[in-house]
Every structure is written in structure tokens, then in C-alpha cells.
Number of protein chains: 2
Amino acid sequence: MNSYTEENYLKAIYKLTEQSEGNITTNAIAEVMNTKAASVTDMVKKLADKKLVNYAKYQGVRLTKKGEDIAIQIIRKHRLWECFLVNKLNFKWDEVHDIAEELEHINSTTLVDRLDEFLGFPKFDPHGDPIPSKNGIFSANNFYKLLKLNEGDIGKVAGVCDHSNTFLQYLEKQKLGLGTSISLTEKNEYDQSVVITTADGRAIFLSKEVANNILVAI
Amino acid sequence: MNSYTEENYLKAIYKLTEQSEGNITTNAIAEVMNTKAASVTDMVKKLADKKLVNYAKYQGVRLTKKGEDIAIQIIRKHRLWECFLVNKLNFKWDEVHDIAEELEHINSTTLVDRLDEFLGFPKFDPHGDPIPSKNGIFSANNFYKLLKLNEGDIGKVAGVCDHSNTFLQYLEKQKLGLGTSISLTEKNEYDQSVVITTADGRAIFLSKEVANNILVAI
DNA sequence: CATATAATTTAGACTAACCTAAAATATCCA
DNA sequence: TGGATATTTTAGGTTAGTCTAAATTATATG
């Protein structure tokens with residue numbers, strides 16, 4: 001059994017691994033965990049003792065298979081609970097992260113599997129992130145950054161890259177929720193801003209920054 | 001904000017208060033918390049500093065209004081989660097306690113209230129225990145111990161006094177779940193055992209110990 | 001009512017997870 | 001390639017919650 005804190009470190013290391021090549025540095029972990037590098041060193045040693053990470057002094061860490069499996073199961077729980085909160089309890093997509101952060105540590109395989117079934121085995125969470133299956137497999141998707149699409153392309157909003165509340169609330173205000181059908185009507189070379197049109201005919205201007213954080217299924 | 005551990009102490013003290021008169025002793029708390037008396041003394045001092053209990057050395061403790069309110073909210077969460085697990089995720093009534101013990105510490109008033117609504121504002125949990133409302137009010141019930149009923153009385157199984165898995169599983173085996181209609185057909189003076197008859201005509205023999213732990217709504 | 005026993009508290013120590021400051025190592029660049 | 005700088009680790013300390021053993025207070029009984 002791993003502590004709440006150990007689980008959070010594993011999850012953090014997993015997410016850093018997704019974003020960068022090579023070993024994960026102590027400072028990078030300290031940053032996302034909101035602690036100091038010295039604390040990370042302590043914890044990393046403990047995780048190494050438990051064979052959850054490979055660690056050599058000054059070389060950073062990498063999750064072992066065992067550590068990765070645990071991290072994936074935590075992500076599975078987090079995303080399933082987010083589905084529950086949004087689909088069953090009518091939370092908005094910008095309200096669920098902190099609660100799911102707590103719920104993800106509830107310890108019962110049966111609970112997770114029953115929840116999965118209750119929700120109809122969803123493949124993606126309310127932000128479009130894939131939900132790993134019971135045995136840790138992520139569904140493939142065909143999502144592309146809105147910024148990379150060409151004029152005339154059509155699709156549906158399928159996910160976000162930035163999960164911050166301010167970004168999610170901005171999309172909400174523009175009525176760009178998951179599943180919204182859009183077409184790319186205009187690309188501005190100069191600042192890379194775009195204009196999209198929704199199914200109900202609204203034209204929406206989006207900056208490069210925004211377009212880069214919206215994923216579209218085409 | 002109170003820690004997970006502080007919440008468990010408050011809940012333990014609340015439950016002991018339900019069962020006994022006067023102040024709650026250090027040893028009694030140590031027993032239900034599975035710790036030593038010395039640890040309880042430390043925690044009780046902390047809770048007293050936070051004005052959650054009244055405490056005087058060697059005199060035991062009593063919850064303040066503030067402490068009691070927190071305890072009741074934890075019980076509310078515990079029982080609502082038990083309803084969720086049984087009614088929505090098809091857990092059996094003997095499988096939910098440990099999971100609810102974790103879920104009860106999830107910190108979000110909105111979550112609890114939305115869950116309450118999602119479940120249809122249940123008044124009793126899967127063991128027949130009353131669920132306090134948002135403002136801490138418990139529903140009254142008209143439940144009587146099966147042992148105290150008279151021959152010919154009819155009613156429905158509405159709750160249990162013993163919440164142990166062995167007891168719940170025993171009732172399960174006898175197909176005496178919550179809501180089962182029964183009539184008391186025979187009382188044996190000698191050993192206080194009883195015979196009840198279910199709606200579908202099964203006669204079930206129950207010892208004094210069992211009859212004393214079954215609550216019936218008449 | 002005095003003393004034996006039981007309950008409670010204090011004292012001092014442990015672990016997990018964190019911290020700061022200092023030491024050790026790695027990296028970068030002139 | 002040799003400093004300068006940045007990163008990481010070590011050393012030593014803190015807090016929450018626990019423990020054991022000893023000291024204190026309450027209670028019970030002859």
C-alpha cells in the first residue's frame with residue numbers, strides 16, 4: 001500500500017514523462033508537487049526502495065513498470081470520477097479537478113470498476129483526456145490542435161491542452177464545450193489567430209494561444 | 001480545516017455519546033480508535049484548542065456544538081455514500097462500510113448536496129440508519145426491535161443494530177434484507193427466540209441475539 | 001478512610017513528510 | 001579545460017500522529 005503522498009509523486013512523475021524526454025529531474029518534480037528539491041530527493045529514495053522508480057544520484061528518475069501501472073490506475077480513477085461529477089452530478093468541467101484529486105486516492109478496485117460500468121465505460125473524460133481501461137490501455141484518438149487545421153476543415157471540439165480553470169471558463173463563455181461542431185473559416189497568417197464557425201452559425205475569433213489549446217476530432 | 005484524523009476522532013466521540021451518558025472517557029475513545037490512551041490525550045487537547053470538544057483533565061470530553069456539527073456532517077457523507085454504493089453501484093450492504101469510511105472525508109459541500117439530490121434525498125442508509133439533512137436534522141423513525149414485538153405483529157425489516165459483516169451476511173443468507181415484510185408468528189419465552197414468517201411464506205427461526213439486532217417498522 | 005487498583009496524563013521517542021542551509025556534483029561557456 | 005553557475009544531495013530540524021514507560025489522579029474496596 002502506498003500513501004496518498006507517494007501516489008501523488010507517482011502521478012506527477014508520470015505526467016512529466018508524458019511531456020518530456022529522458023529522465024525526470026528533481027527540480028521538475030519539486031515544481032509540480034509544490035515542494036522543495038530536498039523533499040523530492042527524500043521521496044524519490046523511498047520510491048526507489050519500493051521499486052516504483054529507477055533512481056541514480058544526480059541522474060533524475062524514471063518510473064518502473066510497477067510505478068507506471070500505479071500511476072495509470074490513479075489517472076483512471078481521477079478521470080472516471082470527473083465523468084461521474086460532470087455526467088451524473090451536473091458539475092461544470094472547470095469545477096471537477098480538485099474534487100477528483102481527492103477521490104482518485106480512494107482505495108477499492110471494485111469501486112473503480114463498478115463506477116466505470118455505471119458510467120457506461122467512457123473512453124474520454126470531460127476534458128477529452130483518454131481514460132485508461134482496467135488493464136491500463138489508453139484509447140487512441142484522432143484529435144488535432146485547432147491551430148494546425150486548414151481553412152474549411154470541420155470537426156468537433158474534443159479536448160483541451162490547457163486544463164486551467166481560466167481557460168475552461170473562457171471556452172464555456174464562448175459556448176465551446178466538448179462536442180461542439182465547428183468549422184475553421186479563417187486563418188490569419190500574421191498572428192496565427194483563427195475564426196471558427198459553430199453549427200448554429202456563430203463566428204468566433206480565437207487567438208493563437210487559444211487555438212493551440214483546443215483539440216478537434218475531424 | 002480539520003485533518004482526516006481529527007475528523008475520525010470527532011466521529012468516534014459522537015458515536016460514543018449516542019451510546020452512553022455523561023462525558024466520554026479517554027479509554028473509550030482509545031478503544032474505538034484503535035490507539036493508546038496517551039495518543040487520545042494528545043488529540044483531545046488539540047480538539048479542545050480548536051473548541052471542538054470541552055475537556056478538563058481526568059474528566060473526559062464532550063463535543064461542543066461546533067464539534068457535533070462537524071461529526072454530523074461526516075456521518076451524513078458516510079451514509080449518503082453508502083446509499084450511492086448500494087443503490088447505484090450494486091454493492092451489498094456488507095461491502096460498503098470501509099469504502100464509505102474513506103469517502104466520508106472528501107471535502108466538498110457541493111459534492112455532498114449534489115449526491116444527496118442525485119440519490120433522491122434518501123432518509124435512511126442501506127442499514128436503516130437515518131441520514132442527517134444538510135442542516136444536520138435526523139429523521140425520526142418508528143422502528144422497534146424485533147425482540148420487543150408481540151406475536152401477530154407485522155412489519156418490514158427497517159434497520160439493524162449490529163453493523164458487523166458477519167451479522168449482515170447472516171441476514172443476507174436468510175434473505176432478510178431491508179424492506180422484507182415479516183410477521184412475528186411465535187415467541188419462545190424460555191430462550192426469547194422467535195419465529196417470523198415472510199410475505200412469501202417462509203418461516204425463519206431467529207435467536208434472541210439476532211432478534212435483538214433487527215429493527216422493524218410497524 | 002486509607003490504600004490498592006484502574007484510568008489518565010506526562011515525558012521522551014519514533015516515522016512520514018516537509019523545511020532551510022550547506023556541501024557536493026553536474027553543466028555550461030569563455 | 002577550468003571556473004562560474006545551476007542542480008542535487010546531505011545534514012539537521014519541524015510538525016502531526018503515534019508509541020512506551022513512568023508519574024499522577026481518580027475510584028473502589030476492605
Next item on the list: Could you pick out which residue, Gln59(A) or Ala38(A), lies toward the 5' side of DNA chain C when each is mapped onto its nearest nucleotide?
Entry: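 With Gln59(A) and Ala38(A) compared, the 5'-side residue is Ala38(A).
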Notebook entry, point to check: Taking for each residue the nucleotide of DNA chain C bearing the nearest heavy atom, is the 5' side occupied by Met33(A) or by Tyr58(A)?
Noted result: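 With Met33(A) and Tyr58(A) compared, the 5'-side residue is Met33(A).
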Verify the distance criterion only: is there a donor paired with an acceptor across the side chains of [X] and [Y] at less than 3.5 Å?
X: His127(B); Y: Glu82(B); value: yes
X: Asp129(A); Y: His163(A); value: yes
X: Glu7(B); Y: Asn2(B); value: no

Note to self: Over 60° means perpendicular and under 30° means parallel, so tell me whether Phe84(B) and Trp81(B) are parallel, tilted or perpendicular.
What the structure shows: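 Taking Trp81(B) first and then Phe84(B), their aromatic rings stand perpendicular (interplane angle over 60°).
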Given atom [atom1] of [X] and atom [atom2] of [N], what is their separation to the nearest angstrom?
X: Asn23(A); N: dA26(C); atom1: CG; atom2: P; value: 14 Å
X: Met43(B); N: dT15(D); atom1: CE; atom2: C1'; value: 12 Å
X: Asn27(B); N: dA6(C); atom1: CG; atom2: C1'; value: 9 Å
X: Asp49(A); N: dA16(C); atom1: CG; atom2: C1'; value: 14 Å
X: Lys36(B); N: dC14(C); atom1: NZ; atom2: C1'; value: 14 Å
X: Ile29(A); N: dC18(C); atom1: CD1; atom2: C1'; value: 16 Å
X: Tyr55(A); N: dT25(C); atom1: OH; atom2: P; value: 12 Å
X: Asp42(B); N: dA16(D); atom1: CG; atom2: P; value: 11 Å

Next item on the list: Determine: side-chain N/O of Thr25(B) to OP1/OP2 of dA7(C), distance under 4.0 Å, yes or no.
Entry: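 No, Thr25(B) has no side-chain N/O under 4.0 Å of OP1/OP2 on dA7(C).
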Notebook entry, point to check: Any side-chain N or O of Tyr9(A) less than 4.0 Å from the OP1 or OP2 oxygen of dC18(C)?
Noted result: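 Yes, because at least one side-chain N or O of Tyr9(A) sits under 4.0 Å from OP1 or OP2 of dC18(C).
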Check: So, are Arg76(A) and Asp113(A) salt-bridged, with charged N and O less than 4.0 Å apart?
Finding: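 So Arg76(A) pairs with Asp113(A) through a salt bridge.
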Mind checking if [X] touches a base, just sugar-phosphate, or nothing, with heavy atoms under 4.0 Å?
X: Ser39(A); result: base
X: Thr5(B); result: sugar-phosphate
X: Tyr4(A); result: nothing

Next item on the list: Choose from dT9(D), dC18(C), dT8(C) the nucleotide whose nearest atom is closest to any side-chain atom of Lys57(A).
Entry: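 Output: dT9(D).
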